[in-house]
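Just below is one structure, and these are the notes that go with it.
Keep in mind that this is a model prediction, so the values were computed, not measured.
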Amino acid sequence: YILAVGHVDHGIPMHFHGEAWLYLVEGSKYWAIWAPGEMPKGVGIQAGVSFVEWFKQFNVTARKGKMLECIQEPGQILYLPDGWYHGTRNLELSIAIGRQMWLSPD
């Protein structure tokens with residue numbers, strides 16, 4: 001299970017895992033999401049780089065792919081299927097709860 005509390009401009013760097021859902025209790029959260037195999041070449045997980053810095057560096061290239069974007073508001077649940085790449089940025093102080101599964105072996 002997940003309990004996420006974060007300040008404005010904090011978030012989670014680009015990553016992937018098994019299926020997951022996140023319910024936003026308070027605040028707002030920006031999401032950048034790619035289906036498996038849809039992230040453009042040269043864009044990917046950068047160890048030790050925050051999502052804010054990652055987005056500044058790769059924004060133009062990332063948008064050339066099939067990037068999905070959304071802003072999650074309080075009371076909304078976001079579901080991610082198994083293996084989808086994503087990163088988040090809190091647009092204000094945010095509190096969320098959720099569940100994340102391990103990546104399936106397939």
Taking His86 for its side chain and Trp84 for its backbone only, find out whether a donor-acceptor pair lies under 3.5 Å.
yes

Should Leu80 and Phe16 be regarded as members of a common hydrophobic cluster, given that ILVMFWY residues are connected when their side-chain heavy atoms come within less than 4.5 Å of each other, either directly or indirectly?
no

Carefully, step by step, assess Asp9 and His7 under the rule side chain to side chain contact (heavy atoms under 4.5 Å, CB included).
CA-CA 6 Å; Asp9 286 336; His7 293 285; over 6 Å; no

Would a single hydrophobic cluster contain both Val25 and Val5, if residues Ile, Leu, Val, Met, Phe, Trp and Tyr are joined by side-chain heavy-atom contacts under 4.5 Å?
yes

For the residue pair Leu78 and Cys70, what are the closest heavy atoms and their distance?
CD1-SG, 3.5 Å

Give, for atom CD of Glu73 and atom NZ of Lys29, the distance between the pair rounded to the nearest 0.5 Å.
12.0 Å

If hydrophobic clusters are built from ILVMFWY residues whose side chains come within less than 4.5 Å, do Leu91 and Met67 share one?
yes

Between Phe51 and Ala32, which heavy-atom pair has the shortest distance, and what is it?
CZ-CB, 3.8 Å

Taking a hydrophobic cluster as the set of Ile, Leu, Val, Met, Phe, Trp and Tyr residues connected by side-chain heavy atoms closer than 4.5 Å, whether directly or through intermediates, do Ile71 and Tyr23 fall within one such cluster?
no

With under 30° as parallel and over 60° as perpendicular, where do the rings of His15 and His17 fit, or are they tilted in between?
tilted

Counting only heavy atoms not in Ile95, do more than 12 fall under 6.0 Å of its CD1?
yes

Would you sort out whether Arg89 and Val52 count as a side chain to side chain contact (heavy atoms under 4.5 Å, CB included), showing the intermediate values?
CA-CA 7 Å; Arg89 177 181 184 178; Val52 172; 3.7 Å; yes

Counting N and O atoms only, with roles assigned by atom type, does the side chain of Glu53 sit under 3.5 Å from a partner on the main chain of Ser50, one being a donor and the other an acceptor?
no

Over 12 foreign heavy atoms within 6.0 Å of CD, Glu92
yes

Evaluation steps, side chain to side chain contact (heavy atoms under 4.5 Å, CB included), between Trp31 and Leu22
CA-CA 11 Å; Trp31 290 77; Leu22 193 76; 3.7 Å; yes

Note: Ile97 and Trp21 closest approach over all heavy atoms is O-CZ3, 3.7 Å

For residues Tyr79 and Glu19, report the shortest heavy-atom separation together with the two atoms involved.
OH-OE1, 2.5 Å

Donor-acceptor check, side chain of Ser94 to backbone of Ser28, threshold 3.5 angstrom: yes or no?
yes

How long is the span from the CG atom in Asn90 to the CD atom in Gln72, to the nearest 0.5 Å?
10.0 Å

Decide side chain to side chain contact (heavy atoms under 4.5 Å, CB included) for Ile12 and Thr88; before the verdict, give the C-alpha distance in whole Å, the side-chain angles of both, and the deciding distance to 0.1 Å.
CA-CA 5 Å; Ile12 304 294; Thr88 65; 3.6 Å; yes

For Leu24 and Ala96, work out which heavy atoms get closest and say how close.
CD1-CB, 3.9 Å

